[in-house]
**Student:** 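This is the structure, below, for whatever I ask next.
Residue numbers count from 1 along this sequence. Note that ligands are numbered from 1 as they come in the structure, with each ligand's atoms numbered from 1 the same way.
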Amino acid sequence: MTSTLRTPTTSATTNVMHAAVVTGFGEPLQVENLDLPTPGYGEVLVKLETSGVCHTDLHAAHGDWPVKPTPPFVPGHEGCGTVVALGDGVDDLKVGDKVGNAWLWSACGRCEYCRTGWETLCESQRNGGYTVNGSFGSFMLVEAAHAARIPEGADPLEVAPILCAGVTVYKGLKVTDTRPGQWVAISGIGGLGHIAVQYARAMGLRVVAVDIDDTKLALATRLGAEVVVNARTADVVAEVQKATGGVHGVLVTAVHPQAFGQAIGLARRGGTIVFIGLPPGEFPAPIFEIVLKGLTIRGSIVGTRQDMAEALDFYARGLIHPTVHSARLEDINDVFARMEAGQIDGRIVIDYR
Ligand code: NAD
Ligand code: ZN
Ligand code: ZN
């Protein structure tokens with residue numbers, strides 16, 4: 001241990017941690033012992049209680065995207081735990097505070113994007129569980145300035161999915177530019193989508209849910225969706241147009257490119273379609289329809305620290321209750337297999353306690 005570990009605690013007196021490590025793309029994760037990291041300037045060491053498993057972690061482990069992480073690395077960006085040691089220069093967190101990591105692990109704070117409230121677009125950002133080791137381990141580092149502050153009394157299993165799924169869909173819904181009373185279609189009712197239904201309802205929107213699995217649609221109905229359509233067995237565009245006259249906003253969280261092309265047909269004139277899901281691939285975009293209907297199509301990536309604070313505040317006020325199932329870190333490969341098969345209802349959260 002170096003002098004930066006200036007606050008010894010029982011939990012930080014160990015020199016090792018265990019973590020699920022990606023050693024090669026597409027290979028099973030290895031649960032192994034790693035040296036406990038030392039918090040650098042502005043960083044804190046966190047003992048994890050829980051971590052949600054996001055589909056992004058699966059994309060990361062498969063090397064699905066053009067910009068790839070470098071194995072070996074530890075995925076996970078919905079981690080929730082307790083601060084056990086402070087690096088130098090940390091003056092707004094103390095040992096014992098509850099914090100979380102996030103995809104936006106840090107941003108430069110100086111570039112045009114950071115200066116204008118778009119730190120999520122910072123080109124110097126670091127990403128939890130991708131370019132910095134994440135929360136699939138018993139300990140993790142976070143940057144104090146960017147760590148999510150977990151509200152008092154939060155249930156560690158329930159709050160974990162807010163740290164990525166929650167903030168992402170909350171921000172995504174905001175940028176649909178919809179207003180209370182208007183229709184929003186949520187395509188993909190998985191970890192992100194089932195939480196999106198809840199934020200949409202809390203924001204006063206009327207919800208259409210689309211998925212390819214009736215179990216997910218049943219969950220959406222229980223959470224307050226007024227219209228549900230199975231994209232595998234029904235003509236989604238016709239059904240949604242018939243039920244709503246076209247929705248004002250669409251949020252695509254699905255993990256298949258087919259849902260992206262389809263989303264364009266769901267919108268009414270002047271509508272906004274927000275892409276959040278990140279399956280590898282492309283989709284056809286009909287130029288005539290987009291132009292004549294005056295549609296806006298935009299991407300949205302996680303949320304800023306302010307979006308995170310707001311998303312957590314919705315949770316703290318009892319408006320959002322992610323459906324969670326707990327698992328052990330050792331089960332991570334099985335969790336990924338179930339995620340790939342679309343067999344998870346809500347979110348699986350690793351419980352380290
Ligand atoms: P998930 O596996 O929990 O859910 C995916 C859902 O998509 C499942 O319910 C599945 O049945 C559904 N689906 C599959 N094909 C479909 C189709 N053709 N039409 C409609 N639904 C379909 O995944 P998740 O954790 O919710 O993540 C979803 C996606 O969002 C992933 O690609 C992930 O990387 C991405 N993501 C993006 C951001 C961002 O900031 N933009 C943040 C987090 C996750
Ligand atoms: Zn995520
Ligand atoms: Zn920046």
**Student:** Determine, using the 4.5 Å side-chain heavy-atom cutoff (strictly less than), whether Val252 and Val255 are members of one ILVMFWY cluster.
**Tutor:**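 Not linked; separate clusters.
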**Student:** Do side-chain atoms of Asp307 reach the backbone of Thr304 as a donor and acceptor pair under 3.5 angstrom?
**Tutor:**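 Yes.
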**Student:** Could you tell me which atoms of ligand 1, counted from 1 in the order shown, lie closer than 4.0 angstrom to a heavy atom of Val255?
**Tutor:**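 Listed by number with element: 5 (C), 7 (O), 14 (C), 28 (C), 29 (C), 31 (C), 32 (O).
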**Student:** Counting only nitrogen or oxygen atoms and a 3.5 angstrom limit, does Gly193 reach ligand 1?
**Tutor:**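 Between Gly193 and ligand 1, no N or O pair is found under 3.5 Å apart.
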**Student:** Should Val302 be counted as touching ligand 1, given the test is an N or O pair under 3.5 Å?
**Tutor:**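 In this structure, Val302 places an N or O atom under 3.5 Å from an N or O of ligand 1.
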**Student:** May I ask you to check if ligand 1 and Leu192 share an N or O to N or O distance below 3.5 Å?
**Tutor:**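 Yes: some nitrogen or oxygen of Leu192 is under 3.5 Å from one in ligand 1.
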**Student:** Provide the number and element of each atom of ligand 1 under 4.0 Å from a heavy atom of Gly191.
**Tutor:**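 Matching atoms, with element in brackets: 1 (P), 3 (O), 4 (O), 26 (O).
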**Student:** Work out the angle at the Zn ion (ligand 3) between SG of Cys122 and SG of Cys108, rounded to 10°.
**Tutor:**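 The two atoms subtend 110° at the Zn ion (ligand 3).
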**Student:** SG (Cys164) to the Zn ion (ligand 2) to SG (Cys54): angle, nearest 10 degrees?
**Tutor:**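 It rounds to 130°.
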**Student:** In this structure, is the centre-to-centre distance between the rings of Trp65 and His59 below 6.0 Å?
**Tutor:**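 Here the rings of Trp65 and His59 have centres that are less than 6.0 Å from each other.
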**Student:** Output yes when a side-chain donor or acceptor of Asn230 lies under 3.5 Å from a complementary backbone atom of Val210, and no otherwise.
**Tutor:**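 Absent.
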**Student:** Which ligand 1 atoms does Ala254 reach within 4.0 Å, using its non-hydrogen atoms?
**Tutor:**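 Near Ala254, the atoms of ligand 1 are 7 (O), 16 (C), 20 (C), 21 (N), 22 (C).
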**Student:** Can the ring centroids of Trp183 and His248 be said to lie less than 6.0 angstrom from one another?
**Tutor:**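 No - the distance between ring centres of Trp183 and His248 does not fall below the 6.0 Å cut-off.
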**Student:** Counting both backbone and side chain atoms, is some N or O of Cys54 under 3.5 Å from an N or O of ligand 1?
**Tutor:**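 No, since none of the N or O atoms of Cys54 sits under 3.5 Å from an N or O of ligand 1.
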**Student:** Looking only at side chains, do Lys47 and Thr82 share a donor and an acceptor under 3.5 Å apart?
**Tutor:**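 Side-chain D/A pair, Lys47 to Thr82: absent.
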**Student:** Which of the numbered atoms in ligand 1 are under 4.0 angstrom from any heavy atom belonging to Cys164?
**Tutor:**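 The atoms of ligand 1 under 4.0 Å from a heavy atom of Cys164 are 42 (C), 43 (C).
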**Student:** Is a salt bridge present between Arg149 and Asp92, judged by a nitrogen-to-oxygen distance below 4.0 Å?
**Tutor:**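 Result for this pair is yes, salt bridge flagged.
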**Student:** Give a yes or no answer on whether the side chain of Thr272 reaches the backbone of Gly249 with a donor-acceptor pair at less than 3.5 Å.
**Tutor:**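 The answer is no, because no donor-acceptor pair under 3.5 Å joins these two groups.
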**Student:** For ligand 1, indicate whether the residue His59 contacts it via side chain, backbone, both or neither (heavy-atom separation under 4.0 Å).
**Tutor:**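 The answer is the side chain of His59.
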**Student:** Name the residue from Arg317, Arg305, Lys174 that meets the salt bridge (charged side-chain N to carboxylate O under 4.0 Å, His left out) definition with Glu310.
**Tutor:**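 It is Lys174, the one option of Arg317, Arg305, Lys174 that forms the salt bridge (charged side-chain N to carboxylate O under 4.0 Å, His left out) with Glu310.
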**Student:** Return the residue, atom name and 0.1 Å-rounded distance of the protein heavy atom closest to atom 30 (O) of ligand 1.
**Tutor:**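 Nearest neighbour among protein heavy atoms for atom 30 (O) of ligand 1, to 0.1 Å: Gly277 CA, 3.4 Å.
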**Student:** Record the part of His55 in heavy-atom contact with ligand 1 below 4.0 Å; permitted values are side chain, backbone, both and neither.
**Tutor:**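 The answer is both, backbone and side chain.
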**Student:** Hey, does Arg347 sit under 4.0 Å from ligand 1 if you only count heavy atoms?
**Tutor:**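 True for this residue.
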**Student:** Step by step, work out the side chain to side chain donor-acceptor pair (under 3.5 Å) result for His77 and Asp57.
**Tutor:** CA-CA 8 Å; His77 53 273; Asp57 299 313; 3.1 Å; yes
**Student:** Contact between Trp65 and ligand 1, counting heavy atoms under 4.0 Å?
**Tutor:**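 A heavy atom of Trp65 does come that close to ligand 1.
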**Student:** List the closest protein heavy-atom neighbour of atom 28 (C) of ligand 1: residue, atom name, distance to the nearest 0.1 Å.
**Tutor:**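 Its nearest protein heavy-atom neighbour is Thr253 O, 3.0 Å.
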**Student:** For atom 12 (C) of ligand 1, what's the nearest protein heavy-atom neighbour? Residue, atom name and distance, please.
**Tutor:**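 I find the closest protein heavy atom is Asp211 OD2, 3.4 Å.
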**Student:** Are any of the N or O atoms of Leu278 closer than 3.5 Å to those of ligand 1?
**Tutor:**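 Yes.
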**Student:** Judged by atom type as modelled, is there a donor-acceptor pair below 3.5 Å linking the side chain of Thr215 to the main-chain atoms of Asp345?
**Tutor:**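 Checking the backbone N and O of Asp345 against the side chain of Thr215, no donor-acceptor pair under 3.5 Å is found.
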**Student:** For ligand 1, is there an atom lying under 4.0 Å from some heavy atom of Gly342?
**Tutor:**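 So Gly342 does not count as touching ligand 1.
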**Student:** Applying side-chain contact (heavy atoms from CB on, under 4.5 Å) between Thr176 and each of Val274, Ile273, Val247, report the one that passes.
**Tutor:**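 Passing option: Val274.
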**Student:** In terms of hydrophobic clusters joined by side-chain contacts under 4.5 Å, are Ile297 and Ile276 together?
**Tutor:**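 Not linked; separate clusters.
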**Student:** Is the distance between the ring centroids of Tyr315 and Tyr199 under 6.0 Å?
**Tutor:**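 No; Tyr315 has its ring centre 6.0 Å or more from that of Tyr199.
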**Student:** Nearest protein heavy-atom contact for atom 4 (O) of ligand 1: which residue, which atom, what distance?
**Tutor:**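 Looking only at protein heavy atoms, the one closest to atom 4 (O) of ligand 1 is Gly190 CA, 3.2 Å.
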**Student:** Give the numbers and elements of all ligand 1 atoms closer than 4.0 Å to a heavy atom of His256.
**Tutor:**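 Taking each heavy atom of His256 in turn, ligand 1 has 15 (N), 18 (N) under 4.0 Å.
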**Student:** Suppose I only count heavy atoms of Ile189 and a 4.0 Å limit; which atoms of ligand 1 are within that range?
**Tutor:**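 Those qualifying, in numeric order: 9 (O).
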**Student:** For ligand 1, is any non-hydrogen atom under 4.0 Å from Ala165's backbone (N, CA, C, O), its side chain (CB onward), both, or neither?
**Tutor:**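 Ala165 to ligand 1: no contact under 4.0 Å from either part.
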**Student:** Going by the order shown, which atoms of ligand 1 are within less than 4.0 Å of some heavy atom of Ala259?
**Tutor:**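 Near Ala259, the atoms of ligand 1 are 19 (N).
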**Student:** Nearest heavy atom to atom 14 (C) of ligand 1: which of Thr168, Ile212, Asp213 does it belong to?
**Tutor:**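 It is Ile212 that holds the nearest heavy atom.
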**Student:** Picking from Asp331, Ile348, Val53, what satisfies side-chain contact (heavy atoms from CB on, under 4.5 Å) with Arg338?
**Tutor:**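 Looking at Asp331, Ile348, Val53, the match for Arg338 under the side-chain contact (heavy atoms from CB on, under 4.5 Å) is Ile348.
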**Student:** Among all protein heavy atoms, pick the one closest to atom 34 (O) of ligand 1 and tell me residue, atom and distance.
**Tutor:**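 It is Thr56 OG1, 2.7 Å.
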**Student:** Quick one: does NZ or CZ of Lys171 land under 6.0 Å from the six-membered ring centre of Trp118, within 45 degrees of the ring axis?
**Tutor:**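 Checked: cation-pi criterion met.
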**Student:** Using distance alone, decide if ligand 1 has a nitrogen or oxygen within less than 3.5 Å of any nitrogen or oxygen in Ser187.
**Tutor:**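 So ligand 1 has no N or O lying under 3.5 Å from an N or O of Ser187.
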**Student:** What residue and heavy atom of the protein are closest to atom 37 (C) of ligand 1, and at what distance?
**Tutor:**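 For this ligand atom, the closest protein heavy atom is Ile276 O, 3.0 Å.
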**Student:** Can you find an N/O atom of Gln258 closer than 3.5 Å to an N/O atom of ligand 1?
**Tutor:**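 No; the residue has no nitrogen or oxygen that sits under 3.5 Å from a nitrogen or oxygen of the ligand.
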**Student:** When the ring planes of His18 and Tyr352 are compared, do they come out parallel, tilted or perpendicular, using 30° and 60° as the limits?
**Tutor:**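 Geometry flag for Tyr352 against His18: perpendicular rings.
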